[in-house]
Amino acid sequence: MTNVTRRKFILTGAGLSATAMFSPHIFAFNKPKEKLGVALVGLGYYSTDLLAPALQLTKNCYLAGIVTGTPEKAEAWKKKYNIPEKNIYNYKNFDQIANNPDIDVVYVVLPPSMHKEYTIRAAKAGKHVFCEKPMAMNVKECEEMIKACKDNKKSLSIGYRCQHDPNTQAFMRIAKEQSLGKIQLVSCAAGYYDKRTTHWKQNKALGGGSMYDMGVYALQGARLSVGEEPILVTAQHINNRPDIYHEVDETTNFQLHFPSGAIATCTSSFGIQSNFLKVNYEKGQLYMEPFSSYKGNKGYSTLGEINFALDSQQAKQMDEDAMSILKSQPQLVPGEEGMRDIRVVEAIYQAAKTGKSVKLA
Ligand code: NAD
């Protein structure tokens, strides 16, 4: 039996879509830049606990600026990360970032309802964009974001950190090689217990809901392990805490049918702690738990153990995305990939609302 930890799971195609090439225009004093300056927009949990620390480890990019509506946060970050005053913006003067050569990339880390606006404003300001998941509220918004970046010859990548994780790349590779035969069944779940009651995750207008937030991980688990796009979905919402979850879904169960006949049964939740991926192939199986954590994703397949060490998933993601910009190459996870998920997410919400299956052409 081959030990997959010793095999080279080099991602050669799955998830990598041809995206329009862009002109980087990354020059400082007429010399090409070696490191890109990143400005984080939105200094909440993910920026504070994961992205800013990861930007201390990156080699191809660094924390150059911040955008925040809270002056106290600006002051604290300025001191902690030695950020020059001229690289600190608020939501009102954000567009002036266009005149700042220190900032090459704007990383949108805001509630999902704000992703479109800040991606488009950043692209119009002449900045490349990293945008967090879920990409946007609907496909139309995704299309507008992709168009704005293309029109301004800027790169757009979505913060699907797992696609940069060699453990995820292992099951993507198995799908691509079909070494275990066709996939018959995928079971996947992504969830945690959220104690909060008035956060944007419980607010529909801001882009809350477990399917948008955690469901995209389960959807990625299914799409990437099958290597196909679903053609039909069914879905059900379960709200065990209706006093909190009266606007958005607490838990969503969804089922996906793929062209090859594979089916996936998935769960996203703000009430149930769950983080696993199980795949039944014709000639074997794969089980990972956890499959979508920041660290320690691991499991096994019939081909062997899957347990690649990784210091910082976010540092690897941002370094690889920065390198794609520096080399003027397509992103590993371009806007088009974020939009593929949102297309299915929209169908899942429609299926849950109507109680009917929804076909995806
Ligand atoms: P958070 O609530 O902790 O932070 C959101 C930030 O947006 C805060 O600084 C808040 O002040 C700011 N903000 C500006 N306008 C706002 C408004 N009108 N309402 C609410 N907040 C507003 O959220 P977070 O957990 O950091 O998530 C931010 C984004 O990052 C989301 O898209 C989320 O899905 C994504 N995220 C991704 C991962 C990952 O693993 N890739 C993990 C966590 C979060």
Side-chain angles (χ1 to χ4, degrees), residues 38-55 66-77 88-94 106-119 121-122 129-137 141-142 145 156-165 167-168 190-192 194-221 247-248 268-270 275 290-297 310 312-318 320-321 332-333 335 337-338 341-342 345:
V38 176
L40 294 174
V41 187
L43 307 181
Y45 155 71
Y46 196 54
S47 285
T48 306
D49 287 21
L50 280 306
L51 297 176
L55 281 164
I66 48 175
V67 183
T68 175
T70 314
E72 301 77 45
K73 278 190 196 170
E75 204 48 41
W77 279 62
I88 300 177
Y89 295 86
N90 58 47
Y91 297 110
K92 286 203 180 105
N93 68 14
F94 169 70
V106 164
Y107 197 154
V108 181
V109 201
L110 292 163
S113 64
M114 301 172 79
H115 291 183
K116 180 189 100 169
E117 177 187 341
Y118 282 86
T119 295
R121 283 170 73 179
V129 183
F130 298 165
C131 176
E132 259 315 313
K133 47 56 64 176
M135 180 172 170
M137 305 291 286
E141 288 191 355
C142 296
M145 292 158 76
L156 171 61
S157 63
I158 309 303
Y160 279 134
R161 53 186 171 73
C162 291
Q163 289 207 26
H164 297 264
D165 185 320
N167 295 290
T168 302
Y192 68 97
D194 199 322
K195 287 186 290 198
R196 294 170 293 191
T197 56
T198 56
H199 190 250
W200 60 259
K201 295 197 184 190
Q202 287 97 33
N203 181 309
K204 189 170 182 177
L206 287 170
S210 81
M211 186 59 224
Y212 276 124
D213 192 59
M214 298 307 290
V216 290
Y217 291 108
L219 178 54
Q220 284 265 302
E247 287 191 10
V248 300
S268 72
S269 186
F270 286 150
N275 185 348
F291 87 103
S292 62
S293 292
Y294 299 144
K295 269 184 189 290
N297 292 320
L310 190 58
S312 165
Q313 213 179 39
Q314 286 81 5
K316 186 167 185 284
Q317 169 205 325
M318 290 187 281
E320 289 178 357
D321 287 355
L332 178 67
V333 190
E337 170 69 354
D341 274 356
I342 296 302
V345 169

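Position 1 is the first residue of the sequence; numbering continues from there. Whatever order the structure lists ligands and atoms in, that order sets their numbers, starting from 1.
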When you look for heavy atoms under 4.0 Å from ligand 1, do you find them on the side chain of M114, its backbone, both, or neither?
-> side chain
Report the relative orientation of the aromatic rings in Y107 and F130; use parallel for angles under 30°, tilted for 30 to 60°, perpendicular for over 60°.
-> perpendicular
Please confirm whether G69 comes under 4.0 Å of ligand 1, counting heavy atoms of the residue only.
-> no
Just distances here: any N/O of G44 and N/O of ligand 1 closer than 3.5 Å?
-> yes
With Q313, the side chain to side chain donor-acceptor pair (under 3.5 Å) member among H164, Q163, R161 | R161
Side-chain touch M135/V108, heavy atoms, less than 4.5 angstrom = no
Test of ring centre spacing under 6.0 Å for Y160 and Y217 | no
Sequence-distant partners of Y212, ring-ring contact (aromatic ring centres under 6.0 Å, His included), two or more places apart | Y349
For ligand 1, which atoms have a heavy atom of H115 less than 4.0 angstrom away?
-> 32 (O)
Best match, Y46, Y45, W200: closest heavy atom to atom 23 (O) of ligand 1 | W200
Of the protein's non-hydrogen atoms, which lies at the shortest distance from atom 40 (O) of ligand 1, and what is that distance?
-> R161 NE, 2.5 Å
Can you tell me if S292 and N275 form a side-chain donor-acceptor pair at under 3.5 Å?
-> yes
The atoms of ligand 1 lying under 4.0 Å from a heavy atom of G159, numbered in the order shown, are 41 (N)
When every non-hydrogen atom of G159 is compared with those of K133, the smallest separation belongs to O-CG, 4.2 Å
Among protein heavy atoms, which sits nearest to atom 28 (C) of ligand 1, and what does the distance come to when rounded to 0.1 Å?
-> V109 O, 3.4 Å
Nearest neighbour in protein (non-hydrogen) for atom 29 (C) of ligand 1 | L110 O, 3.5 Å
For H199, counting its heavy atoms only, list the atoms of ligand 1 lying under 4.0 Å from any of them.
-> 1 (P), 2 (O)
Best match, L206, L51, T68: closest heavy atom to atom 19 (N) of ligand 1 | L206
Verify the neighbour count for atom NZ of K316: are there more than 12 heavy atoms of other residues, nucleotides or ligands below 6.0 Å?
-> yes
Enumerate the atoms of ligand 1 whose separation from the nearest heavy atom of Y91 is less than 4.0 angstrom.
-> 12 (C), 14 (C)
Which value, rounded to the nearest 0.5 Å, describes the distance between I158 atom CD1 and T119 atom OG1?
-> 7.0 Å
Nearest non-hydrogen contact to atom 30 (O) of ligand 1 from the set K73, Q313, E132 belongs to E132
Would you mind checking which non-hydrogen protein atom is closest to atom 21 (N) of ligand 1, with the distance to 0.1 Å?
-> P111 CG, 3.5 Å
Side chain or backbone of D213 under 4.0 Å from ligand 1, or both, or neither, by non-hydrogen atoms?
-> side chain
Please list, one pair per line, the donor and acceptor atoms closer than 3.5 Å that link side chains of residues 67-75 to other protein atoms, with sequence neighbours excluded.
from, atom 1, to, atom 2, distance (Å)
T68, OG1, T70, N, 3.1
K73, NZ, L43, O, 3.2

Taking heavy atoms and a distance under 4.0 Å, where does Y160 meet ligand 1: side chain, backbone, both or neither?
-> neither
Ligand 1 versus L43: contacting region, heavy-atom distance under 4.0 Å = backbone
To the nearest 0.5 Å, what is the distance between CD (E141) and NZ (K116)?
-> 5.0 Å
What do you reckon, does K133 have a nitrogen or oxygen under 3.5 Å from a nitrogen or oxygen of ligand 1?
-> yes
Atoms of ligand 1 close to Y217 [distance to a heavy atom under 4.0 angstrom, numbered from 1] = 38 (C), 39 (C), 40 (O), 41 (N)
Region of Y118 engaging ligand 1 - heavy atom pairs below 4.0 Å = neither
